[in-house]
Each structure stands twice: as structure tokens, then as C-alpha cells.
Amino acid sequence: MMKLLSMTIAAIVLEVCYAHLCMISPPQRGAMGNLNKAGSGDCLLTAPRCGNRPRGMPVMGLQRGQNFTVSIQKNLDHYVKDTPGSFTISIGSERGGTKLDVLATIPDGGEPSLTIYSVNVTIPRDLEMREYIIHSAYITNNPQAPPEFFQCSDVMIHA
Ligand SMILES: *[C@@H]1O[C@H](CO)[C@@H](O)[C@H](O)[C@H]1NC(C)=O
Ligand SMILES: *[C@@H]1O[C@H](CO)[C@@H](O)[C@H](O)[C@H]1NC(C)=O
């Protein structure tokens, strides 16, 4: 009982210390709960590349050459003034290698937890017509936090 309690406390402490990332548009894989609260478990994915969330059905179609607004949430801030981090938005495939093409980079300006960042990206014209992932990362650059947080969204590219 004591052990369980101390593990729970340790988990809560870790939860509070971590920076978190959620991707709202396109919607991330799996659940996206409690976005109004800093420290949502659905925004705490640290395993490359997709936080161990399994691939799902494509949630939307995107056209080659299309402009699209990606929205992500800094669910929990872990900004360090001397070594500010950043967010990246990339596109990649789970077939044919692990290459991710960065479409946009957003600097972490120390905005508070729950800030939503939106950025316009252009879907590359040279993609094949099949499933891809829109990938977002929060690179914390904070030695007290995990180096990166990840989210993936499954999309279908069409002509
Ligand atoms: C996408 O945005 C770019 C940069 O703002 C613009 O030059 C281009 O015409 C837009 N493309 C489409 C298909 O709307
Ligand atoms: C994205 O593009 C749209 C359409 O051109 C524009 O209205 C909007 O302000 C842009 N958003 C950002 C975050 O740049």
C-alpha cells in the first residue's frame, strides 16, 4: 500500500515537471482528453516517433500543394530562458524509412501552458498518393525535462 502510494506520488511529481505537447489539427492519434488542464496524460508522449500510439485510419485527406493550418498545444510549459526550445511540424511515412521532412519550426518564446500555436504549412507536391503522418515535436532543450515530446496524425495524401 505504501509502495503504491509512493509510486503514485512519484508519478504525480513527474507529471508536474514535464512539458507536454498535443496536436489539435490534424487531430492526433488516439485520445485527446483534458486539454483545458495543464498536464494532460494524452499530451505526455515521449517515445519516438509517435509516442507508441498505433497507426489508425486516416483522419483527413490533404492535397499535394495544399496550404494547411496545423495547430498544436503547449499543454505544459517548460521554457528555459537560456536555452529556449522549439516545436517542429513534419511530414513523413511509416513505410519506406523513417525520414521526416520538416515543414515548419516554431520557436518556444516562453508562452504559458495551454498556449495554442498555429502555423501554415504547404503539403509537398512530390508525395505519393497514400498514407502519411503529420508529425509534431516539442524539443524542450531543458535538461530537467524529457528532450522531446511527440504527436502523430494519420492523413491521406491525394492529388
Ligand atoms: C500557399 O501559401 C503560399 C504562401 O503564402 C502562397 O504563395 C500559395 O499561393 C498558397 N497556395 C495555395 C494553393 O493556396
Ligand atoms: C494562414 O493562412 C491563412 C490564409 O492565407 C491566413 O488567413 C492566416 O492568417 C495564416 N495563419 C497563420 C498562422 O499564418
Side-chain angles (χ1 to χ4, degrees), residues 17-53 55-142 145-159:
C17 294
Y18 284 1
H20 296 46
L21 169 73
C22 263
M23 180 155 58
I24 295 167
S25 178
Q28 69 190 39
R29 283 182 183 178
M32 185 169 22
N34 280 320
L35 282 199
N36 287 328
K37 262 187 66 190
S40 166
D42 282 330
C43 310
L44 194 160
L45 308 186
T46 56
R49 291 188 298 173
C50 295
N52 287 335
R53 289 202 163 170
R55 188 158 112 194
M57 293 293 288
V59 290
M60 68 181 301
L62 289 169
Q63 195 174 14
R64 293 188 294 200
Q66 178 189 341
N67 290 331
F68 180 72
T69 307
V70 174
S71 295
I72 56 172
Q73 184 200 50
K74 177 202 270 185
N75 183 254
L76 187 62
D77 179 38
H78 223 306
Y79 174 74
V80 181
K81 193 161 158 280
D82 293 335
T83 58
S86 59
F87 304 86
T88 58
I89 308 297
S90 307
I91 193 161
S93 171
E94 296 210 305
R95 287 200 264 149
T98 55
K99 191 166 152 283
L100 288 171
D101 287 322
V102 177
L103 302 177
T105 301
I106 306 165
D108 183 0
E111 293 81 7
S113 300
L114 307 182
T115 295
I116 293 172
Y117 302 82
S118 289
V119 63
N120 285 333
V121 301
T122 303
I123 304 304
R125 289 183 184 279
D126 61 356
L127 300 181
E128 293 173 41
M129 286 183 278
R130 55 177 176 83
E131 286 176 39
Y132 279 81
I133 53 173
I134 301 288
H135 176 273
S136 56
Y138 182 4
I139 300 147
T140 64
N141 223 0
N142 179 343
E148 294 190 60
F149 292 82
F150 303 103
Q151 292 292 348
C152 288
S153 177
D154 297 289
V155 299
M156 183 64 78
I157 301 299
H158 59 88

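Read the numbers this way: they start at 1 and go in the same order the structure lists the ligands and their atoms.
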If we count only N and O atoms by modelled type, under 3.5 Å, do the side chains of D108 and Y138 hold a donor and an acceptor together?
yes

Anything under 30° is parallel, anything over 60° is perpendicular, the rest tilted; go ahead and classify H20 against F149.
parallel

Side chains of E111 and Y79, donor plus acceptor under 3.5 Å
no

Taking only heavy atoms of G65 into account, list the atoms of ligand 1 that are under 4.0 Å away from them.
13 (C)

Identify, for atom 13 (C) of ligand 2, the protein heavy atom at the shortest distance, and state residue, atom and that distance.
S118 O, 3.5 Å

In terms of residue, atom name and distance, what is the protein heavy atom nearest to atom 8 (C) of ligand 1?
N67 ND2, 3.8 Å

Please determine, by modelled atom types, if T83 and N141 share a side-chain donor-acceptor pair under 3.5 angstrom.
no

S71 side chain to S118 side chain, donor-acceptor N/O pair below 3.5 angstrom:
yes

For atom 2 (O) of ligand 2, find the nearest protein heavy atom and state the residue, atom name and distance (0.1 Å precision).
N120 ND2, 2.3 Å

Does atom 5 (O) of ligand 1 have a protein non-hydrogen atom under 4.0 Å from it?
no

